[in-house]
2 protein chains.
Amino acid sequence: MSVDSGADLFKALGDATRRTILDELIDRDGQTLFEICGRLTMRYGLASSRQAISQHLAVLEQAGLVHTRRQGRYKFHHVDTRPLRSIVERWPIDRGDPP
Amino acid sequence: MSVDSGADLFKALGDATRRTILDELIDRDGQTLFEICGRLTMRYGLASSRQAISQHLAVLEQAGLVHTRRQGRYKFHHVDTRPLRSIVERWPIDRGDPP
DNA sequence: GTTATAGGCAACCCGCTACTTGCCTGTCAA
DNA sequence: TTGACAGGCAAGTAGCGGGTTGCCTATAAC
């Protein structure tokens, strides 16, 4: 009967490039689109176009994992990991050693 | 440079039916494939075929979220939420009120 | 034995999604 | 004002993934 809330969240986390973007934004918060593109290429070897990264950021923003702040012609992207809390609230993590 | 470990985990969580299967197995652990099929139909209104559910369970097992135990012609499925811990370890959750 | 049950395997179809391409808008510097 | 820079929008393409179909194996009940 439950409505499976948070579909956007899992959809956002489902792509490897988007997960790398989260890693990158956590390492250095508040980057612009061009900065993210450059650092993804430099540090992770990802050769994605600007438009591809832009679409990924839109998905992350819709999931609430990224918030944006416009300033002039720049748009800064900030991470917000709080939506991840709903995952461990939905399926409480067992105590014990990892597998 | 990080290798994005846990791709199987996020792939498994990316599908709504698989998330519902996790819900169902947490509610009643150790079900067989046919039990899961029946209860998904009854309680969640999902009309998926047996083969579809079987493939979903294989994905969940590959992600380490479900372990199986054979006994005669039955195969019991057990949840293991410990892989979820890697998510909050990768992206620590901020303190503060939810959005 | 025979039959029914529980599950597995492989091929195929289709819709979604990531990515590209091309062009457009808005902002700042020279 | 003109150019460079940061970003947005929309249509088209290709591949992947979820679902189905059909047939098969193995265990248990009769």
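All heavy atoms count here, side chains included; hydrogens, waters and symmetry mates do not. Within every chain, numbering begins at 1; the chains are lettered A, B, ... in the order of the sequence lines, protein sequences first and strands thereafter.
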query = What integer distance in Å separates Arg70(B):CZ from dA6(C):P?
reply = 12 Å

ask   = In whole angstroms, how far is the C1' atom of dG15(C) from the CG atom of Asp15(B)?
value = 13 Å

ask   = What parts of residues 48-56 of chain A reach DNA chain D, counting only heavy atoms under 4.0 Å away?
value = Arg50(A), Gln51(A), Ser54(A)

query = Thr41(B) side chain to Leu46(B) main-chain N or O, any donor-acceptor pair under 3.5 Å?
reply = yes

ask   = Within a strict 4.5 Å, meaning less than it, do heavy atoms of the Leu40(A) and Ile36(A) side chains meet?
value = yes

query = Quick one: does Thr81(B)'s side chain have a donor or acceptor within less than 3.5 Å of a partner on Pro92(A)'s backbone?
reply = yes

key: Short side-chain to backbone donor-acceptor contact, Arg18(B) and Ala12(B), under 3.5 Å   = yes

request  = Ignoring backbone atoms, establish whether Arg18(B) has a side-chain N or O less than 4.0 Å from OP1 or OP2 of dG18(D).
outcome  = yes

inquiry  = Using whole Å, what does the distance between atom P of nucleotide dG18(D) and atom CG of Leu46(B) come to?
reply    = 15 Å

ask   = Once you round it to whole Å, what is the distance between C1' of dT17(C) and CG of Leu60(A)?
value = 15 Å

remark   = Rounded to whole Å, OH of Tyr74(A) lies from P of dA4(D) at a distance of 16 Å

message = dG8(D), OP1 or OP2 - any side-chain N/O from Lys75(A) closer than 4.0 Å?
response = yes

request  = Starting from C1' on dT17(C), measure out to NZ on Lys11(A) and report it in whole angstrom.
outcome  = 8 Å

request  = Under the salt bridge (Lys or Arg N to Asp or Glu O under 4.0 Å) rule, what do Arg19(A) and Asp4(B) come out as? Steps first, then yes or no, please.
outcome  = CA-CA 8 Å; Arg19(A) 294 195 293 273; Asp4(B) 186 59; 2.7 Å; yes

note = From CZ of Phe34(B) across to P of dA6(C) the rounded distance in Å is 6 Å

remark   = From the candidates dC19(C), dG7(C), dA6(D), the one with an atom nearest any side-chain atom of Thr17(A) is dC19(C)

key: Nucleotide dA18(C), atom C1' - distance to CZ of Arg19(A) in whole Å   = 14 Å

query = Under the salt bridge (Lys or Arg N to Asp or Glu O under 4.0 Å) criterion, do Arg39(B) and Asp27(B) qualify, and how do the steps go?
reply = CA-CA 11 Å; Arg39(B) 290 175 63 104; Asp27(B) 185 73; 3.3 Å; yes

key: Check: Asp29(B) side chain, Val79(B) main-chain N or O, donor-acceptor pair, under 3.5 Å   = yes

